[in-house]
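For the numbers below, each heavy atom of this structure counts, side chains included, while hydrogens, waters and symmetry mates do not.
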Amino acid sequence: MIRGDMSGRGPVGGVPALPSRWALARVSGPSMSPTVKHGDRLLVARADRAHPGDVVLARFPARPELLVVKRVVREVEGGWWVEGDSPFVADDSRAFGPATVVGRVLLRLWPRPGRLPRSRP
């Protein structure tokens with residue numbers, strides 16, 4: 001889950017888009033650990049396309065108020081199948097179905113700056 005006001009303007013696949021081309025996100029929760037941890041700050045570029053392995057910001061049409069950071073597994077009918085890197089947390093497509101990608105995570109800015117791996121650890 002992401003903290004901060006990123007409610008966006010205008011729908012992308014029926015869910016709100018990001019409000020600007022670039023966004024900063026603060027991670028809340030363990031679903032992407034160890035790749036992304038609670039408290040990490042991320043640089044996100046607005047996007048509606050992705051490739052398997054990308055870490056993205058996504059919304060689920062069934063829960064458009066929920067903005068999540070997940071890894072793209074594959075494209076499916078109705079959107080993208082996304083999952084967290086932690087096998088112990090299932091607040092992803094396994095629970096909510098296909099997601100709509102609203103942004104692609106480019107970098108972790110803080111506290112461990114750098115690019116994110118394109119595959120699960």
Side-chain angles (χ1 to χ4, degrees):
M1 186 182 307
I2 300 301
R3 297 271 185 221
D5 180 17
M6 299 179 108
S7 57
R9 294 181 180 87
V12 174
V15 299
L18 291 179
S20 66
R21 180 168 165 72
W22 305 99
L24 295 176
R26 182 171 51 97
V27 176
S28 174
S31 70
M32 281 295 290
S33 186
T35 304
V36 177
K37 297 179 180 177
H38 179 81
D40 283 358
R41 303 312 196 268
L42 308 173
L43 177 62
V44 179
R46 184 174 50 205
D48 59 0
R49 302 288 304 163
H51 297 89
D54 286 351
V55 177
V56 298
L57 213 54
R59 295 183 193 267
F60 298 101
R63 304 244 351 242
E65 76 285 356
L66 182 65
L67 189 59
V68 297
V69 173
K70 302 294 179 196
R71 188 175 301 279
V72 172
V73 176
R74 65 185 174 275
E75 189 170 10
V76 297
E77 185 176 333
W80 299 92
W81 192 265
V82 296
E83 293 182 3
D85 284 356
S86 172
F88 305 110
V89 183
D91 62 345
D92 52 28
S93 290
R94 294 172 286 183
F96 302 117
T100 299
V101 169
V102 296
R104 191 167 52 86
V105 176
L106 301 177
L107 300 167
R108 178 181 32 247
L109 298 172
W110 187 87
R112 302 165 289 128
R115 294 194 176 274
L116 303 180
R118 290 220 10 118
S119 62
R120 293 179 183 198

message = Tell me whether Arg112 at atom CZ has more than 12 heavy atoms from other residues, nucleotides or ligands lying less than 6.0 Å away.
response = yes
Tightest non-hydrogen contact, residues Lys37 and Ser33, listed as CG-OG, 4.1 Å
**Prompt:** Side chains of Arg115 and Leu107: closer than 4.5 Å at any heavy-atom pair?
**Reply:** yes
Between Gly84 and Asp92 the two heavy atoms that sit nearest each other are N-OD2, 3.1 Å
Are Val73 and Val69 grouped together when hydrophobic residues (ILVMFWY) are joined by side-chain heavy atoms under 4.5 angstrom apart?
no
Under 4.5 Å between side-chain heavy atoms, hopping through other hydrophobics if needed: is there a path connecting Trp22 to Leu109? yes
According to a hydrophobic-cluster definition based on side-chain heavy atoms being under 4.5 Å apart (Ile, Leu, Val, Met, Phe, Trp, Tyr only), do Val102 and Trp81 belong together? no
Scanning both residues in full, the closest heavy-atom pair of Phe96 with Arg63 reads CZ-NH1, 3.3 Å
**Report entry** Main-chain N/O of Val101 paired to Arg49 side chain as donor or acceptor, under 3.5 Å
**Finding:** no
Here the pair of heavy atoms bringing Pro61 nearest to Ala99 is CD-CA, 4.4 Å
Compare all side-chain heavy atoms of Leu106 with those of Val44 and state whether any distance is below 4.5 angstrom. no
Inset, instruction - Check whether any side-chain N or O of Arg104 sits under 3.5 Å from a backbone N or O of Ala45 as a donor-acceptor pair, and report yes or no. - result: no
Contact check, side chains of Val27 and Met32, non-hydrogen atoms, under 4.5 Å: no
Checklist entry - Donor-acceptor pair, Ser93 side chain versus Glu83 backbone, under 3.5 Å? => result no
dist Arg59:CZ -> Leu66:CG (nearest 0.5 Å) comes out at 8.5 Å
Task: Side chain proximity check, Ser31 to Lys70, heavy atoms < 4.5 angstrom - done: yes
On a heavy-atom basis, the closest approach of Val105 and Leu57 is CG2-N, 4.5 Å
Are side-chain heavy atoms of Trp80 and His51 found at a separation under 4.5 Å?
no
Taking every heavy atom of Ala90 against every heavy atom of Ala95, the minimum-distance pair comes out as O-CB, 3.2 Å
_If we ignore hydrogens and angles and just use 3.5 Å, is the side chain of Arg108 paired with the main-chain N or O of Leu42 as donor and acceptor?_
no
- Task: Start with the C-alpha gap between Arg41 and Leu24, add the side-chain angles, then the distance that decides, and say whether side chain to side chain contact (heavy atoms under 4.5 Å, CB included) holds.
- Result: CA-CA 7 Å; Arg41 303 312 196 268; Leu24 295 176; over 6 Å; no
